[in-house]
2 protein chains.
Amino acid sequence: MPVTLKELAVRARVHPSTISRVANNDPSLRIAPTTRQRIETLLRETEYRPNGVARGLKLRQTFALAVVIPDITNPFFAALFRGVEDGASPRGYNVLLCNTDGSPERQRSHLHSLHARRVDGVILASSVLRDPSVRWLRHQHIPHVLVNRFSDDGQDAFVGSDDVLGGLVATRHLVELGHRRIGHLAGKLTVSTGVLRRRGYLGAIADSGLPADAALIAESGYTEEGGARAAEQLLSMRDRPTAIFAVTDMTAVGACTVARRMGLRIPEDVAVVGYNDIPLASRLVPGLTTVHVPIHEFGAAAARLLMEQIETGEASRRRVIFNPQLVVRGSTVGGADAPVNRRPAAAFATE
Amino acid sequence: MPVTLKELAVRARVHPSTISRVANNDPSLRIAPTTRQRIETLLRETEYRPNGVARGLKLRQTFALAVVIPDITNPFFAALFRGVEDGASPRGYNVLLCNTDGSPERQRSHLHSLHARRVDGVILASSVLRDPSVRWLRHQHIPHVLVNRFSDDGQDAFVGSDDVLGGLVATRHLVELGHRRIGHLAGKLTVSTGVLRRRGYLGAIADSGLPADAALIAESGYTEEGGARAAEQLLSMRDRPTAIFAVTDMTAVGACTVARRMGLRIPEDVAVVGYNDIPLASRLVPGLTTVHVPIHEFGAAAARLLMEQIETGEASRRRVIFNPQLVVRGSTVGGADAPVNRRPAAAFATE
DNA sequence: TAACATAGAACAATCGTTTGTTCAACGCAA
DNA sequence: TTGCGTTGAACAAACGATTGTTCTATGTTA
C-alpha cells in the first residue's frame, strides 16, 4: 500500500491539498519556499506517486489507450502495435491490447469493457464496413482512430494506405510480366481493404485489356488458412491462373504453401504478390513480392491522431493516407531475391 | 458521459446505494420485488455500466493485468501474449502491453507507471538475473509472475521450460549427427535462459567426451542481429564449427542469414538448432530444427498463476516447468522437412 | 491607529462506487 | 395502547486525488 496524500499531510503537518499543489507544481498558488522545500524532500524520500485511479476519477482522464486488432500473432499487427506504443508511451500513455480474432461480438465486448474502464481513446484495426461498433464509438463520443480498414467513408479519423492504388500496382506488375490469367485472393467484401484492393485489381485488368473473369476472384478472408483454401480453389481450375495477387501477405503465404503442396513452382508455375510487406515477406524463399506500407508508421500516426483528439477534446475525421510501394522479390521474378531484404523507397503520407 | 448511479437514483426515486445493490445483486440486502423490478428495467433501458475507475478506487482492484516483454514483434512474445489474454480475458481482465527492448531502464519505468495505475498484477518476460525491478515488485507486494526467464531462483512465481534439458537435447542431437565442433550462441550470462541453456550445451559436450572449447561459445543476446553478429564471429574461425546451437529461434535465424551470406550451405556446411519453435521456424527453408516449448501455454499458465495470487491475496512462488521437445527439421538433417509443419509431441508440465 | 492588501495555507466539494449502519413504517402479539 | 421484530430503503463514510474558495495572520498605507 503506497503512501497517500493524507498520510504525507500528517507527516508534514499541512493540509493534503498543499502537498498536492507542491507535487503538481500548481502555478496558481503561493507557497512559502521553506514549506515547499520541506514537502519536496518528503515527496522524494517517500517516493510518492499519485494514485492513478483516484487521479483518473477526478480528472476524468486515465492516460490509457487501447489497441483493438484481430490477432497480435499476425506480424502486421505486432508492428502496428509497436508503432502505437512508441508514439504514445513517451507522452505518458499506457496501452491496452485486445484481440478479436475477427469476431464482431468479441470486438463489441472488448469495446464495452474498455469504455467501462474509461480508456482515453481507442485505435481500431479490426473494423468492417458499416461497423456497428464503430458507430457506437462515435455515438459514445469515444475518441478513436481506425487503422488500415475504415468503416463508413470519411466519418472517422483514419490511417491507412491507398488500397486501390496498391491493388493496381500489384496487379499491373503481374500484367507487365506477361501474365494473362491473374487470380485474386480478395479478403472480404465486408472489409474496406478487400473492396478497395479488389477495385485496384479490377482496374489494372481493365487497363490492360484483359478479360475480366469473376472465376479468378476468390474470397479468402485475411488468415493464412483462408488464403490457402482460396488459393487451392483457384489453382484447381482447369484454366488455372499463372499469377495471384493476395489481399495480404499472410494470405499470400497460405497460397504459397498450397501451391507448393500442389507441386507448383513459384514463380515459374505461379507468381504470387502480397500486400503489407511484413518482415516475414523478405525471409520467405523465394522472397515475397508485395506492396510495402509503413506499418510502424501506421501505428505511430494513429497514436498521434488519437492523442490530438484527446487533448483538444474534439473528434476528428482527419485521414492520413500513405503511398504504397511495390517491392519486387523472387515470388514473381526468378532471381530477384539477391540481395536479401531489399528496401523499398520511403513512403510518403498525403494530407 | 455515460449515466451514473446518482442520475439513475433520481429517475428511480431511490437512493444511489439501492441501485448499486440491485446492479451488483447484493445478497446482503432485502429489496421489495417491485422496486427491484423497476430498477432492473431502468438499468437495462439505460445500459448502465458502472464506472470502472470509481469502482477501482473503491474496491482497490482494477481488473487490469500487464504484460512486460522485450518486443512484441518477436513472434515468441506475440504468442505468449495471446496465451495471457486468452487466459485472462474470459475472467474479466484487460491486459496492458509494455515493450522494453531489453532496456532495464525502460522496464523500470514501465513497472513504475503500471504500479501508479494500480494494475492488479504483472507478467514479466524480460527479467535478468538478480533483477532490481523484480525485487522491487516483491518489495511492493505487487502480484507478479515471471515467464521464460527467472530472476532469483525460486523467489517468484514462474512459468518456463527446463532450459538445461532443452539445451542438452538440442546439443546431443548435433553430437549424434556426428558433429565434433559445435558452436553455441549463448544469449547473455545475465539472463537465466542464457546460463541454463549454455549449461545444457556444456553438459551434452561433456557427456559425449568432446573437448570443451570456450572459443566455440559466443554471447549473442536475443535478437536476430545479435545472432548474426555472434554467428559471424564463430563462422569466421579457421577451425569453424560445423554446427551451431542458438539460444533462441530468432538468434538462429540471424545465424542462418549470416551463414548463407558467407556461402555456407545449411545443413551441409553448418547445421543450426534453435529454441522455442516459433511459427517462423517451420516456415523457413530449410525448416529450423528447434526445441519446442508450448508458448501459448506459457502465457495461459502465467495468467492463471497471476489471477490466483490476485484472488487469494497472497504472493506465490509456484513454478510451472514444461518439458522441452526436440523438433528435427531441415536445418540439421537434409530432407527432414517433408511433410511441412511437423508437429512435436505434446508437452507436459511438472509441478 | 484604523483600514486594507497580501501571502500562505486550510477548507470543502467533487469524481462514481461500495457497503456497514441507521432509520422509518408497518404488522402483530401482549 | 405499548412494545417489539421485520422489512425496505435511506444515510453516510470511505477510496485518493484536485481545485475553487475561504480564512488567518502578517505587513503596508493613509
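Letters A, B, ... are given to chains in the order of the sequence lines, protein chains preceding strands, and every chain is numbered from 1.
To the nearest angstrom, P of D:dA17 lies 14 Å from CE of A:Met1. In this structure, CD1 of B:Ile39 is placed 11 Å from C1' of D:dG8, rounded to the nearest angstrom. Taking atom CD of A:Gln61 as the reference point, atom P of D:dT18 lies 13 Å away to the nearest angstrom. Distance B:Arg30 CZ to C:dG20 P: 14 Å, rounded to the nearest Å. Taking atom CG of residue B:Asn24 and atom P of nucleotide C:dT17, one finds them 10 Å apart after rounding to whole Å. Rounded to whole Å, atom C1' of D:dT18 lies 13 Å from atom CZ of A:Arg60. As rounded to whole Å, 20 Å separates atom P of C:dA13 from atom CG of A:Leu59. Between the NZ atom of B:Lys6 and the P atom of C:dT18 there is a distance of 14 Å, rounded to whole Å.
Side-chain proximity of A:Thr35 to the nucleotides C:dA9, C:dA10, C:dC15 is greatest for C:dA9. For B:Tyr48, the listed nucleotide lying nearest its side chain is C:dT17; candidates were D:dA17, C:dT17, D:dA10. When each of D:dA9, D:dA10, C:dA10 is scored by its nearest atom to the side-chain atoms of B:His15, the top-ranked nucleotide is D:dA10. Checking D:dT18, D:dA9, C:dG16 against the side-chain heavy atoms of B:Thr18 singles out D:dA9 as nearest.
Taking only side-chain nitrogens and oxygens, A:Ser20 comes nearer than 4.0 Å to OP1 or OP2 of D:dT18.
Within the nucleic acid shown, B:Asp26 has no heavy atom closer than 4.0 Å to any nucleic acid atom. Across all strands, A:Arg13 comes closer than 4.0 Å only to sugar-phosphate atoms, never to a base (heavy-atom distances). Contact annotation for B:Thr4: backbone-only contact, meaning every heavy-atom pair under 4.0 Å involves sugar-phosphate atoms and none involves a base. A:Arg36 comes within 4.0 angstrom of no nucleic acid atom, judged by non-hydrogen atoms across all strands. Among the atoms of the strands shown, only primed sugar atoms or phosphate atoms (P, OP1, OP2) are found under 4.0 Å from some heavy atom of B:Ile31.
At a cut-off of 3.5 angstrom, the base of C:dG20 holds at least one donor-acceptor pair with the side chain of B:Arg21. Counting distance only, with no hydrogens placed and no angle test, the side-chain atoms of A:Ser17 and the base atoms of C:dC11 include a donor-acceptor pair under 3.5 Å. B:Lys58 contributes a side-chain N or O that forms a donor-acceptor pair with the base of D:dA14 under 3.5 Å. Within 3.5 Å, no donor on the side chain of A:Arg38 pairs with an acceptor on the base of C:dG8, nor the reverse.
When the nearest nucleotides of DNA chain D are assigned to B:Pro16 and B:Arg118 by heavy-atom distance, the more 5′-ward of the two goes with B:Pro16. Nearest-nucleotide mapping onto DNA chain D: of A:Val53 and B:Val14, the residue sitting toward the 5' end is B:Val14.
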A:Val119/A:Leu65 under side-chain contact (heavy atoms from CB on, under 4.5 Å): CA gap, chis, key distance, verdict: CA-CA 6 Å; A:Val119 297; A:Leu65 309 182; over 6 Å; no
Verdict with reasoning, B:Arg108 to B:Glu105, per salt bridge (Lys or Arg N to Asp or Glu O under 4.0 Å): CA-CA 5 Å; B:Arg108 197 198 65 85; B:Glu105 173 50 27; 3.2 Å; yes
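Annotation: cation-pi pair B:Arg55/B:Phe63 absent, no NZ/CZ under 6.0 Å from the ring centroid and within 45° of its normal.
Checking each of B:Asn99, B:Leu124, B:Asn74 against B:Ile69 for a side chain to side chain contact (heavy atoms under 4.5 Å, CB included) leaves exactly one that passes, namely B:Asn99. When each of A:Val320, A:Asp156, A:Val159 is tested with A:Val145 by the rule side chain to side chain contact (heavy atoms under 4.5 Å, CB included), just one qualifies, namely A:Val159.
A:Arg138 and A:Asp152 are joined by a salt bridge, as a carboxylate oxygen and a charged side-chain nitrogen come within less than 4.0 angstrom of each other.
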